[in-house]
Amino acid sequence: MTEMKPVNEATAAKADAPKKMVLPDAQTITYVKHWTDRLFSFRVTRPSSLRFRSGEFVMIGLMGDPDPKTGKQKPLLRAYSIASPSWDEELEFYSIKVQDGPLTSKLQHIQVGDELILRPKPVGTLVHDALLPGKRLWFFATGTGFAPFASLLREPQTYEDYDEVIITHTCREVGELEYGAALIESLKTDELLNELIGEGFWKKIKYYPTTTREESPKMGRITDLMRSGEAFADLGVPPLNAETDRAMICGNLAFNLELKQMFEDYGLEEGANSDPKHYVVEKAFLD
Ligand SMILES: Cc1cc2nc3c(=O)[nH]c(=O)nc-3n(C[C@H](O)[C@H](O)[C@H](O)COP(=O)(O)OP(=O)(O)OC[C@H]3O[C@@H](n4cnc5c(N)ncnc54)[C@H](O)[C@@H]3O)c2cc1C
Ligand SMILES: NC(=O)c1ccc[n+]([C@@H]2O[C@H](COP(=O)([O-])OP(=O)(O)OC[C@H]3O[C@@H](n4cnc5c(N)ncnc54)[C@H](OP(=O)(O)O)[C@@H]3O)[C@@H](O)[C@H]2O)c1
């Protein structure tokens with residue numbers, strides 16, 4: 001027998017209200033910040049069942065436009081590095097705005113309270129497990145390739161496992177460095193990390209931002225600055241070697257390939273989750 005529910009004013013009003021679409025795997029946007037006309041970051045609620053390792057990526061997106069014939073909508077998903085650390089209650093993402101990009105032409109307009117589709121299946125190679133123990137950890141990023149390192153820079157294991165952490169970030173313009181610079185500055189007053197790792201843990205970090213098109217204190221591609229020896233002199237460290245150095249790379253394809261070749265020349269070998277070695281690589285985007 002079907003149970004009859006009394007219709008009160010509230011349920012009647014609910015039935016009349018326009019239906020809000022409930023997205024599959026929906027999470028809610030809690031914070032949005034625009035850094036430049038090409039870059040923004042945002043935070044969303046975290047599914048309670050989602051476990052991930054700092055440095056991994058997930059698929060996120062929005063519903064696509066209705067099919068002109070059937071009117072049906074399909075999720076439009078893209079890979080995104082989780083920029084927040086594994087212990088954070090929420091998830092953070094750092095995103096490009098491609099003006100004619102299927103996803104980011106829409107995603108750039110999201111606001112607090114909006115819904116985001118988030119497939120809770122994290123994967124990726126930029127994880128501590130894929131590296132053998134070492135003394136010095138290098139992060140090499142171009143553009144939004146900084147995102148996985150925004151996670152790993154807030155991960156306690158990064159400082160527990162290494163004496164020194166060097167982060168290089170190469171962008172065209174100064175404004176594109178801001179998200180990373182602000183994040184690194186915020187570590188100085190991060191209560192949790194200072195308490196957990198020890199007051200002043202952030203002194204282990206050496207930050208090396210460079211620009212290639214707009215004037216800044218350090219200009220040039222990191223690859224060229226390493227080849228000339230300038231980067232090592234500036235940082236006060238020797239070139240990478242397999243004994244002491246471990247590295248993670250996240251940038252455009254040409255950058256990744258160039259650095260890979262340089263590392264092989266230094267005698268470093270590429271690792272994977274199942275076979276930890278000296279360095280790991282991930283594409284910041286597909287070309
Ligand atoms: C493993 C992985 C992790 C990723 N993590 C991030 C991330 O954390 N943040 C992020 O913004 N993007 C990330 N991307 C790229 C992302 O998946 C999308 O490509 C991006 O959101 C643009 O989507 P779109 O549909 O608007 O355009 P798309 O059709 O996907 O891309 C259109 C074109 O825009 C350019 N482009 C795409 N993404 C970028 C980018 N990030 N930086 C510069 N140029 C780009 C490329 O030339 C590309 O061909 C990642 C990609 C991969 C493979
Ligand atoms: N960034 C912008 O202001 C801007 C504006 C409009 C459109 N776009 C378009 O957006 C797309 C992505 O641009 P992006 O700037 O985000 O990413 P990008 O082209 O991958 O460049 C990011 C940084 O990586 C450097 N780089 C590129 N290849 C390298 C290599 N092999 N070794 C070392 N460094 C390398 C670049 O230096 P170089 O400058 O020397 O290449 C730049 O400083 C491009 O198609 C671009 O045309 C970018």
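All ligand and atom numbering here is 1-based and tracks the order in the structure. The shown structure was predicted, so the numbers you read here are calculated from the model rather than taken from an experiment. Residue numbers run from 1 in the order of the sequence given.
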Worksheet item: Which is closest to atom 10 (C) of ligand 1 in terms of heavy atoms, Phe40, Tyr80, Phe57?
Response: Tyr80

Fill in: Identity of the nearest option to atom 19 (O) of ligand 1, non-hydrogen atoms only, from Arg78, Gln108, Glu56, Gln99
Arg78

Discussion item. Using the rule ring-ring contact (aromatic ring centres under 6.0 Å, His included), only one of Phe263, Phe149, Tyr279, Phe255 pairs with Phe140; which is it?
Written reply: Phe263

Practice prompt. Give yes if a backbone or side-chain nitrogen or oxygen of Thr142 is under 3.5 Å from a nitrogen or oxygen of ligand 2, and no if not.
Written response: no

Which residue and atom name correspond to the protein heavy atom nearest [atom], and how close is it?
{"atom": "atom 33 (C) of ligand 1", "answer": "Val98 CG1, 4.4 Å"}
{"atom": "atom 40 (O) of ligand 2", "answer": "Arg221 NE, 2.9 Å"}
{"atom": "atom 31 (N) of ligand 2", "answer": "Glu258 OE1, 2.8 Å"}
{"atom": "atom 3 (O) of ligand 2", "answer": "Glu173 OE2, 3.3 Å"}
{"atom": "atom 14 (N) of ligand 1", "answer": "Ala284 O, 3.0 Å"}
{"atom": "atom 37 (O) of ligand 2", "answer": "Thr212 OG1, 3.2 Å"}
{"atom": "atom 41 (N) of ligand 1", "answer": "Thr144 OG1, 2.8 Å"}
{"atom": "atom 33 (C) of ligand 2", "answer": "Thr223 OG1, 3.1 Å"}
{"atom": "atom 15 (O) of ligand 2", "answer": "Arg172 NE, 2.9 Å"}
{"atom": "atom 11 (O) of ligand 1", "answer": "Ile96 N, 2.8 Å"}
{"atom": "atom 5 (N) of ligand 1", "answer": "Ser81 N, 3.2 Å"}
{"atom": "atom 27 (C) of ligand 2", "answer": "Asn252 ND2, 3.1 Å"}
{"atom": "atom 37 (C) of ligand 1", "answer": "Phe285 CB, 3.8 Å"}
{"atom": "atom 22 (C) of ligand 1", "answer": "Thr104 CG2, 3.7 Å"}
{"atom": "atom 7 (C) of ligand 2", "answer": "Arg38 NE, 4.1 Å"}
{"atom": "atom 52 (C) of ligand 1", "answer": "Ala79 CB, 3.6 Å"}

Any idea which atoms of ligand 1 are less than 4.0 Å away from a heavy-atom of [X]?
{"X": "Leu103", "answer": "24 (P), 25 (O), 26 (O)"}
{"X": "Ala147", "answer": "8 (O)"}
{"X": "Pro102", "answer": "24 (P), 25 (O), 26 (O), 27 (O), 29 (O)"}
{"X": "Leu286", "answer": "46 (C), 48 (C), 49 (O), 53 (C)"}
{"X": "Asp287", "answer": "46 (C), 47 (O), 49 (O)"}

Worksheet item: Is there a donor-acceptor contact under 3.5 Å from the side chain of His169 to the main chain of Gly180?
Response: no

Side-chain ion pair, [X] and [Y], N-O less than 4.0 Å:
{"X": "Lys206", "Y": "Glu164", "result": "yes"}
{"X": "Glu258", "Y": "Arg227", "result": "yes"}
{"X": "Arg38", "Y": "Glu176", "result": "yes"}
{"X": "Asp190", "Y": "Lys188", "result": "no"}
{"X": "Glu89", "Y": "Arg46", "result": "no"}
{"X": "Asp245", "Y": "Lys135", "result": "no"}
{"X": "Asp88", "Y": "Arg43", "result": "yes"}
{"X": "Asp67", "Y": "Lys72", "result": "no"}

Worksheet item: Considering only heavy atoms, does Thr170 approach ligand 2 within less than 4.0 Å through its side chain, its backbone, both, or neither?
Response: both

Worksheet item: Side chain or backbone of Cys171 under 4.0 Å from ligand 2, or both, or neither, by non-hydrogen atoms?
Response: backbone

For [atom], is the nearest protein heavy atom closer than 4.0 Å?
{"atom": "atom 19 (O) of ligand 2", "value": "yes"}
{"atom": "atom 31 (O) of ligand 1", "value": "no"}
{"atom": "atom 45 (O) of ligand 2", "value": "no"}

Taking all non-hydrogen atoms of both residues, which atom of [X] and which atom of [Y] are closest, and how far apart?
{"X": "Arg154", "Y": "Trp87", "value": "O-NE1, 2.8 Å"}
{"X": "Lys277", "Y": "Glu269", "value": "CB-O, 3.4 Å"}
{"X": "Leu240", "Y": "Ala247", "value": "CD2-CB, 4.2 Å"}

Discussion item. Which of the numbered atoms in ligand 2 are under 4.0 angstrom from any heavy atom belonging to Ala254?
Written reply: 31 (N)

Discussion item. Within the 4.0 Å heavy-atom shell around Arg213, which atoms of ligand 2 are there?
Written reply: 38 (P), 39 (O), 41 (O)

Fill in: Spacing of CZ belonging to Phe285 relative to OG1 belonging to Thr104, to within rounding of 0.5 Å
11.5 Å

Worksheet item: Do Tyr80 and Phe57 make the cut of ring centroids closer than 6.0 angstrom?
Response: no

Practice prompt. Compute both the distance and the angle, then confirm whether Lys33 meets the cation-pi test with Trp35: under 6.0 Å from the six-membered ring centre, within 45 degrees of the axis.
Written response: yes

Item to complete: Answer side chain, backbone, both or neither: which part of Tyr94 comes under 4.0 Å from ligand 1, heavy atoms only.
Response: backbone

Practice prompt. Apply side chain to side chain contact (heavy atoms under 4.5 Å, CB included) to Leu193 and Trp202, showing your working.
Written response: CA-CA 9 Å; Leu193 287 174; Trp202 48 270; over 6 Å; no

Worksheet, complete the sentence: When Asp234, Thr170, Thr168 are each screened for side chain to side chain donor-acceptor pair (under 3.5 Å) with Tyr208, the one that passes is Asp234

